[in-house]
Visitor: 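Before anything else, here's the structure in question.
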Number of protein chains: 2
Amino acid sequence: MYSVDTMTTAQTLIGCVDSATEVLGDKWTPQLLRFFINEKTVRFCQLQDLTEGINPRTLSARLTHLEEQGIIVKSATSSSRCEYSLTDKGYDLLPVLQNMQAWSDKYAPAAV
Amino acid sequence: MYSVDTMTTAQTLIGCVDSATEVLGDKWTPQLLRFFINEKTVRFCQLQDLTEGINPRTLSARLTHLEEQGIIVKSATSSSRCEYSLTDKGYDLLPVLQNMQAWSDKYAPAAV
DNA sequence: AAAAAACGCTACACAATGTATAGTGTAGAT
DNA sequence: ATCTACACTATACATTGTGTAGCGTTTTTT
């Protein structure tokens, strides 16, 4: 039988990872956030074009979720158009994404 | 109209993030990998107990996927029992998880 | 000024993915 | 010899994501 004691530390840490995975674990979200490394603001149609394959409904859901989490903000550029940009909280996620990229570059340089 | 030129760099980078998100984007996977920070080897039932709520079928699928990706290896501890441990590739993912945790600690200290 | 295209979505039916619960064969523990 | 744990698999269901179409508004083009 294994020792449960040795695992308690790990167990208490789990909740913390959850809060990041609740964001990055959603399909498409890391890809979406990556655009902000090069762009200060992005628009719905840009994300749609660049993240080829994403369903507008899914994109809409992701943006709503990110906004609710305080990671991005939506601002109107005209009466019917808008743009999205990172908050400080969202900006602080970029290093994580860059880490993920570094790992990917090291182990899957040719991508798949 | 927006400039597509300014986005091409971001676009070419996407494939790279994909390879990490193909792993970390799966539900439960970050939580599962986190146990390896404290433990060199884990067993199926441990992961099941510690990741409360995970379905054994899902856990099975995750472990298979992680093994296929060369992130963990499965080794027999007896004729019918086994344990899982990280490969070098998997070990290199831990900093990413720690980054995620640092972000989570900063912005969601009370968890949710 | 009129027509066309783009924008930012929403709607619908369907496909894929994850879950609750139960169960299975084998093997260690008592 | 019996009991329990282990490492899963099975089934039916719930949730999530997708392809395609479309809608009202606004901008651009002609």
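Each chain gets a letter, A, B and so on, in the order its sequence line appears, and its residues count up from 1.
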Visitor: Judged by each residue's nearest nucleotide on DNA chain D, which is more toward the 5′ side, B:F44 or A:A61?
Guide: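 Its nucleotide being nearer the 5' end, the pick is B:F44.
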Visitor: Just how far, in rounded Å, is P of C:dC9 from CD of A:Q48?
Guide: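 Result: 10 Å.
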Visitor: Specify the separation, in whole Å, of atom CD of A:E83 and atom P of D:dT27.
Guide: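 Checked: the CD to P distance equals 14 Å.
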Visitor: Is A:T51 reaching over with its side chain to a backbone N or O of A:L47, donor-acceptor style, under 3.5 angstrom?
Guide: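 Such a contact is found between A:T51 side chain and A:L47 backbone.
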Visitor: I need the A:Q98 CD to A:S104 OG distance, nearest 0.5 Å.
Guide: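 One gets 12.5 Å once the value is rounded to the nearest 0.5 Å.
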Visitor: Ignoring hydrogens and angles, answer whether the base of D:dT27 and the side-chain atoms of A:R81 contain a donor-acceptor pair closer than 3.5 Å.
Guide: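 A donor-acceptor contact between them is absent.
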Visitor: Between A:S60 and C:dT10, is there a side-chain N or O to OP1/OP2 distance below 4.0 Å?
Guide: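 Yes, such a contact exists.
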Visitor: It should be established whether A:S79 places a side-chain nitrogen or oxygen under 4.0 Å from OP1 or OP2 of nucleotide D:dT26.
Guide: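 So the side chain of A:S79 is within the cut-off, an N or O lying under 4.0 Å from OP1 or OP2 of D:dT26.
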Visitor: Under 4.0 Å: is that the gap between some side-chain N or O of A:K27 and OP1 or OP2 of C:dT17?
Guide: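 No, A:K27 has no side-chain N/O under 4.0 Å of OP1/OP2 on C:dT17.
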Visitor: For D:dT18, does OP1 or OP2 lie under 4.0 Å from any side-chain N or O of A:W28?
Guide: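 So the side-chain polar atoms of A:W28 do come within 4.0 Å of the phosphate oxygens OP1 or OP2 of D:dT18, strictly under.
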Visitor: Would you tell me if any nitrogen or oxygen in the side chain of A:R43 comes within less than 4.0 Å of OP1 or OP2 on C:dG8?
Guide: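 Answer yes for this pair, as a side-chain N or O of A:R43 is under 4.0 Å from OP1 or OP2.
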Visitor: Ignoring backbone atoms, establish whether B:T58 has a side-chain N or O less than 4.0 Å from OP1 or OP2 of C:dG18.
Guide: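 For C:dG18, OP1/OP2 do not have a side-chain N/O of B:T58 under 4.0 Å.
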Visitor: Could you give the CG-to-P distance, from A:L59 to D:dG19, as a whole number of Å?
Guide: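 Those two atoms, CG and P, are 14 Å apart.
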Visitor: In terms of the nearest nucleotide of DNA chain C, which residue is placed more toward the 5' end: A:L63 or B:P56?
Guide: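 Going by which nucleotide is closer to the 5' end, it is A:L63.
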Visitor: Spell out, as yes or no, whether a donor-acceptor pair under 3.5 Å connects the side chain of B:K74 to the backbone of B:L63.
Guide: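 No, B:K74 side chain to B:L63 backbone: no donor-acceptor pair under 3.5 Å.
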Visitor: In whole Å, what is the span from the CD atom of B:Q46 to the C1' atom of D:dC8?
Guide: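 Value for this atom pair: 16 Å.
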Visitor: If each of A:T77 and A:D26 is mapped to the nucleotide of DNA chain D with the nearest heavy atom, which maps nearer the 5' terminus, i.e. the 5' end?
Guide: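 Upstream on the strand: A:D26.
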Visitor: Quick check on C:dG28: is either OP1 or OP2 less than 4.0 Å from any side-chain nitrogen or oxygen of B:S78?
Guide: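 Yes, such a contact exists.
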Visitor: Please determine if a side-chain N or O atom of B:Y84 lies less than 4.0 Å away from the OP1 or OP2 oxygen of D:dC8.
Guide: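 True: B:Y84 side-chain N/O within range (under 4.0 Å) of D:dC8 OP1/OP2.
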Visitor: OP1, OP2 of D:dC8 versus side-chain N and O of B:K74: anything below 4.0 Å?
Guide: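 For B:K74, the contact criterion (side-chain N or O under 4.0 Å from OP1 or OP2 of D:dC8) is met.
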Visitor: Does A:L97 reach the side chain of A:L24, with side-chain heavy atoms less than 4.5 Å apart?
Guide: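 Result yes, sub-4.5 Å side-chain heavy-atom pair found.
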Visitor: Checking only heavy atoms, does the side chain of A:N55 share a donor-acceptor pair with the base of D:dG19 at less than 3.5 Å?
Guide: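 Yes, a donor-acceptor pair under 3.5 Å.
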Visitor: A:E67 CD to C:dC9 C1': how many Å, rounded?
Guide: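 The answer, rounded to whole Å, is 14 Å.
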Visitor: In whole Å, what is the span from the CD atom of B:E52 to the C1' atom of C:dT19?
Guide: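 One finds 16 Å between C1' of C:dT19 and CD of B:E52, rounded.
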Visitor: Roughly how many Å is it from CZ in B:R62 to P in D:dC8, rounded to a whole number?
Guide: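 It is 15 Å, rounded to the nearest whole Å.
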Visitor: Just by modelled atom types, is the B:G70 backbone N or O under 3.5 Å from a matching donor or acceptor in the B:T87 side chain?
Guide: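 Indeed, once roles are kept as given, a pair shorter than 3.5 Å links the two residues.
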Visitor: Roughly how far apart are A:H65 NE2 and A:I72 CD1, rounded to 0.5 Å?
Guide: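 Output value for this atom pair is 11.0 Å.
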Visitor: Between B:R57 (CZ) and C:dA22 (P), how many Å, whole number?
Guide: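 Between P of C:dA22 and CZ of B:R57: 17 Å.
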